[in-house]
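Notes follow the structure.
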Amino acid sequence: MKSKVGKAIIGIVAVVVIAAAGAALAYPKAVRAVWCNLTVGHVEMDESNEWEGGASYVGVPYATDSPSQYLDLYVPDMPDGSRPRLFVIIHGGGFVLGDSQTRQAQLMYRYFRDHGYACATVNYRLAQEAAFPGALCDCKAAIRFLRAHADEYGYDASQIPVFGESAGGYLAIMCSVTNDDQFNDVAFIGQDELGDVSSHVDVLVDYYGHADNDTGEADWAALGIPKPVRDIANSWASPDLLMGYEDFESAWFRRNVSEMTEEERAHYDPHAYIEANDLESLSAWIIHGDADITVPCLHSERLAAHLAEKLGEGSVEYVLVPGMGHASDPLYADDVLAQLAAFLDEHLG
């Protein structure tokens, strides 16, 4: 009996090894991507968020339509008594998860508040609460609120960089490439007294953002990442979260992207707004990992190329990082954020 059990175990192991070897031969890029995601490094972050470098304002409402419309603001004390620049941070989560204190938002604002930026991390209505363009309107209202209340909180909002990661990347992109008369349906607190305030963005900081709604399967085929691998990697996306739709963006749009006409998709497409709008003074820093199996890095490649065509090569920097997956911690390491800080210093003047 023991001999039969042993042979059975050996047989199972052999089948697994053969299957793994077959997968490696058939999909070498997918195997590499999975391995990179499993072995990626980790950035240490203190569990406590106590901060003595300036003033913290947590849970500041910027609109009154929903309790979800709030932001957390950190304003550092400047040694020379000047006002710090403002940096707006938009979290990711597939439009269905996350809040103003996600890990990626914290990694970003903790670095920049310690390097002389006032950081506002924005909470917004998720897809379950508000369909498109709810979250986008929220983020643009938050930018207007922050610009309007700069004197009250003591920062410089004359030029505003906006960071977003993943779904937050899409929101940051759309905030950056749409005009003041587009998606400004949410009134910010103080608007009645202060009047119209611009939601203009000066620097887009896009971390592996979702930038295309209708190129998924072609992109994954080009990158050699089959659907079963993506399904396993993104298994946290339960049917309940997707509300019966085929993907995150469709859940937010309340209609499957695959069922839209080209004209209908253009309403949600950042590239359509890049083409149509002036984008005066915008610059962009875009980063993506080449082992991302949630958002294809080709999204960022095309976005960077389109923005460079529109704005000029010197206004756009695209960084493709080998071996990094979606939301990988090393993308927020000090040496990477120092590169971003240098870009901001250059383009904010």
Side-chain angles (χ1 to χ4, degrees), residues 57-73 88-106 108-109 120-146 149 162-176 178 182-192 199 201 206-211 213 234-260 264-265 267-270 273 294-295 326-327:
Y57 306 91
V58 177
V60 178
Y62 58 82
T64 59
D65 299 310
S66 166
S68 302
Q69 295 168 319
Y70 67 85
L71 56 85
D72 303 324
L73 176 63
V88 177
I89 292 165
I90 303 174
H91 73 82
F95 308 107
V96 298
L97 290 174
D99 58 31
S100 60
Q101 294 296 325
T102 60
R103 178 175 178 80
Q104 290 73 32
Q106 287 198 48
M108 181 61 67
Y109 78 66
T121 176
V122 178
N123 206 73
Y124 52 83
R125 290 172 293 169
L126 299 176
Q128 299 92 320
E129 181 180 0
F132 178 95
L136 175 56
C137 294
D138 288 352
C139 291
K140 296 193 74 168
I143 293 169
R144 300 200 317 277
F145 171 88
L146 287 161
H149 292 273
V162 175
F163 157 88
E165 55 100 15
S166 193
Y170 173 91
L171 295 171
I173 295 164
M174 289 290 279
C175 285
S176 302
T178 56
Q182 296 169 320
F183 305 114
N184 274 342
D185 303 330
V186 171
F188 69 89
I189 292 176
Q191 184 167 319
D192 289 343
S199 57
V201 173
D206 171 30
Y207 263 56
Y208 43 87
H210 174 90
N213 294 314
N234 300 296
S235 58
W236 58 273
S238 67
D240 287 343
L241 282 176
L242 295 180
M243 299 182 285
Y245 294 93
E246 61 190 14
D247 48 40
F248 299 114
E249 56 271 23
S250 296
W252 186 35
F253 300 153
R254 297 292 197 272
R255 186 177 177 192
N256 288 328
V257 173
S258 63
E259 299 168 358
M260 295 179 186
E264 289 171 330
R265 286 196 299 271
H267 181 59
Y268 309 95
D269 182 11
Y273 296 95
T294 299
V295 175
H326 197 72

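Values in this document were obtained by computation on a predicted structure and should not be read as measured data. This chain uses plain numbering: 1 for the first residue, then up along the sequence.
- Taking the side chain as every heavy atom from C-beta outward, R125 and V186 approach each other to under 4.5 Å.
- Side-chain contact annotation: Y109 with Q101, donor-acceptor N/O pair under 3.5 Å present.
- Nearest heavy atoms, K140 versus Q182: NZ-O, 2.8 Å.
- A donor-acceptor contact shorter than 3.5 Å is absent between the side chain of E165 and the backbone of Y207.
- Judged by distance alone, the side chain of E259 and the main-chain N or O of R255 form no donor-acceptor pair under 3.5 Å.
- Under the 3.5 Å distance criterion, with hydrogens and angles disregarded, a donor-acceptor pair is assigned to the side chains of T294 and N234.
- The two atoms that bring A135 and Y124 nearest to each other are CB-CD1, 3.5 Å, heavy atoms only.
- Taking CD of Q104 as the start and CD1 of I89 as the end, the distance is 12.0 Å to the nearest 0.5 Å.
- Of all the heavy atoms in Y208 and A327, the pair that sits closest is OH-CA, 3.2 Å.
- Rounded to the nearest 0.5 angstrom, L71 CG and C139 SG are separated by 10.5 Å.
- Taking the six-membered ring for Trp and the full ring otherwise, the centers of H267 and F132 sit less than 6.0 Å from each other.
- Minimum heavy-atom separation, S176 to V201: OG-CG1, 3.3 Å.
- You'll find the side chain of V96 stays beyond 4.5 Å of the side chain of L126, heavy atoms only.
- Put simply, the side chain of D138 reaches to within 4.5 Å of the side chain of Y62, judged on heavy atoms.
- Here T102 contributes atom OG1 and N123 contributes atom CG; the two are 9.5 Å apart, rounded to the nearest 0.5 Å.
- The OG1 atom of T121 sits 8.0 Å away from the CG atom of D99 when rounded to the nearest 0.5 Å.
- Aromatic ring pairs are classed by plane angle as parallel below 30°, tilted from 30° to 60° and perpendicular above 60°; the pair F95 and W252 is parallel.
- Of the inter-residue distances, the one linking S250 atom OG with M260 atom CE reads 6.0 Å to the nearest 0.5 angstrom.
- Aromatic ring orientation, F188 versus F145: perpendicular (interplanar angle above 60°, classes split at 30° and 60°).
- Distance CD1/I90 to CE/M108: 12.0 Å, rounded to 0.5 Å.
- The minimum heavy-atom distance linking R144 with N184 is given by the pair NH1-OD1, 3.0 Å.
- For the residue pair E246 and V257, the shortest heavy atom distance occurs at OE2-N, 3.5 Å.
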